[in-house]
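A quick note: this is a predicted structure, and the numbers were derived from the prediction, not measured.
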Amino acid sequence: QVQLVESGGGLVQPGGSLLLSCAASGFTFSWYTMSWYRQAPGKERELVASITRFGGRTNYKDSMKGRFTISRDNAKNTMYLQMNSLKPEDTAVYYCKAEDLAAWGQGTQVTVSS
């Protein structure tokens with residue numbers, strides 16, 4: 001049974017940092033490109049970043065490039081998103097997804113506010 005569990009969200013001041021984690025189970029993790037998405041109130045869900053099977057290629061939305069870093073540890077079946085220099089507009093629920101699988105995590109709330 002495919003399961004994705006996000007953690008690490010919380011309340012942080014502008015300019016602060018958070019590390020999000022996505023723990024995967026129920027499938028062969030290393031066979032799939034993995035992605036982070038986010039959805040802010042009143043907005044559509046958008047792609048934040050993706051990473052190929054062994055981390056050889058990463059992709060970021062322009063607004064996150066240079067601030068966010070996606071990574072994965074296949075031995076731990078875990079994907080990460082290191083978020084630095086956070087801005088209020090980064091406030092959203094962040095979701096984990098295994099590409100090519102109809103599977104999403106439950107999401108973790110990130111709130112950037114002073």
Side-chain angles (χ1 to χ4, degrees):
Q1 189 169 354
V2 173
Q3 188 171 6
L4 299 167
V5 180
E6 301 95 336
S7 62
L11 175 64
V12 65
Q13 294 184 346
S17 298
L18 286 172
L19 176 64
L20 305 185
S21 298
C22 170
S25 61
F27 64 100
T28 304
F29 183 71
S30 64
W31 288 1
Y32 294 90
T33 291
M34 298 293 296
S35 299
W36 287 99
Y37 290 76
R38 71 183 185 186
Q39 188 167 21
K43 294 187 176 182
E44 296 294 313
R45 190 171 298 187
E46 65 176 351
L47 179 68
V48 174
S50 61
I51 184 167
T52 53
R53 294 173 61 198
F54 299 102
R57 184 167 63 89
T58 58
N59 184 60
Y60 301 90
K61 186 178 179 181
D62 286 344
S63 62
M64 295 87 167
K65 193 173 296 183
R67 299 189 298 122
F68 293 5
T69 302
I70 190 171
S71 62
R72 66 191 294 165
D73 187 339
N74 288 344
K76 297 180 179 179
N77 287 352
T78 303
M79 177 177 64
Y80 305 94
L81 184 69
Q82 177 66 53
M83 304 188 294
N84 299 323
S85 302
L86 284 162
K87 305 174 181 179
E89 52 262 45
D90 294 319
T91 296
V93 178
Y94 284 72
Y95 297 92
C96 178
K97 185 180 188 296
E99 298 296 349
D100 301 321
L101 291 176
W104 295 86
Q106 85 289 345
T108 185
Q109 176 71 51
V110 171
T111 303
V112 184
S113 176
S114 59

Self-check item: From T108 atom OG1 to W36 atom CH2, the distance as rounded to the nearest 0.5 Å
Solution: 7.5 Å
Exercise. Establish whether Y80 and V110 are linked, either directly or via other cluster members, by ILVMFWY side-chain heavy-atom contacts under 4.5 Å.
Key: no
Self-check item: pair E99-Y32: side-chain heavy atoms closer than 4.5 Å
Solution: no
Exercise. Please name the pair of heavy atoms, one in Q106 and one in L4, separated by the smallest distance, quoted to 0.1 Å.
Key: OE1-O, 3.5 Å
Quiz item: Among pairs that include at least one residue of residues 93-114, which meet ring-ring contact (aromatic ring centres under 6.0 Å, His included), considering only residues two or more places apart or in two chains?
Solution: Y37-W104
Exercise. Write out all pairs satisfying disulfide (SG to SG under 2.5 Å) with one or both partners inside residues 26-66, taking only residues at least two apart or from two chains.
Key: none
Quiz item: Residues in salt bridge (Lys or Arg N to Asp or Glu O under 4.0 Å) with K61, at least two apart?
Solution: E46
Quiz item: Do L20 and E6 pass the side-chain contact (heavy atoms from CB on, under 4.5 Å) test, and can you show the C-alpha distance, the side-chain angles, and the key distance before you say yes or no?
Solution: CA-CA 7 Å; L20 305 185; E6 301 95 336; over 6 Å; no
Exercise. Please go through L11's hydrophobic cluster and name the other residues, only I, L, V, M, F, W, Y counting, with side-chain heavy atoms under 4.5 Å joining them.
Key: none
Self-check item: With Q82 via side chain to side chain contact (heavy atoms under 4.5 Å, CB included) - residues at least two apart
Solution: S17, L19, T69, N84
Self-check item: Non-neighbouring partners of N74 that pass side chain to side chain contact (heavy atoms under 4.5 Å, CB included), sequence neighbours left out
Solution: F29, S30, F54, R72
Self-check item: ring pair (Phe, Tyr, Trp, His ring centres under 6.0 Å) involving Y60 - partner list, sequence neighbours excluded
Solution: none
Quiz item: Do V93 and V5 share a hydrophobic cluster (ILVMFWY, side-chain heavy atoms under 4.5 Å, transitive)?
Solution: no
Exercise. Can you sort out the partners of T78 under side-chain hydrogen bond (donor to acceptor under 3.5 Å, both in side chains), two or more places apart, ordered by chain and number?
Key: none
Quiz item: Of the non-hydrogen atoms in I70 and M34, which two are nearest, and what is the gap between them?
Solution: CD1-O, 4.2 Å
Quiz item: Is L47 linked to M64 within one hydrophobic cluster, defined over Ile, Leu, Val, Met, Phe, Trp and Tyr using a side-chain heavy-atom separation of less than 4.5 Å?
Solution: no
Practice problem: Mind listing the closest non-hydrogen atom pair of T33 and S50 along with its distance? | Solution: CG2-CB, 4.3 Å
Practice problem: May I have all residue pairs that pass disulfide (SG to SG under 2.5 Å) and include part of residues 53-114, sequence neighbours excluded? | Solution: C22-C96
Self-check item: Test salt bridge (Lys or Arg N to Asp or Glu O under 4.0 Å) applied to D62 - qualifying residues, sequence neighbours left out
Solution: K65
Quiz item: How would you list all residue pairs meeting salt bridge (charged side-chain N to carboxylate O under 4.0 Å, His left out) that involve residues 12-25, not counting sequence neighbours?
Solution: none
Pairs under 3.5 angstrom only: tabulate donor-acceptor contacts from the side chains of residues 85-92 to other protein residues two or more places apart or in another chain.
unit_1, atom_1, unit_2, atom_2, d
D90, OD1, R38, NH1, 3.0
D90, OD1, R67, NH2, 3.1
D90, OD2, R67, NH1, 2.8
D90, OD2, K87, N, 2.8
T91, OG1, P88, O, 2.9
T91, OG1, V112, N, 3.0

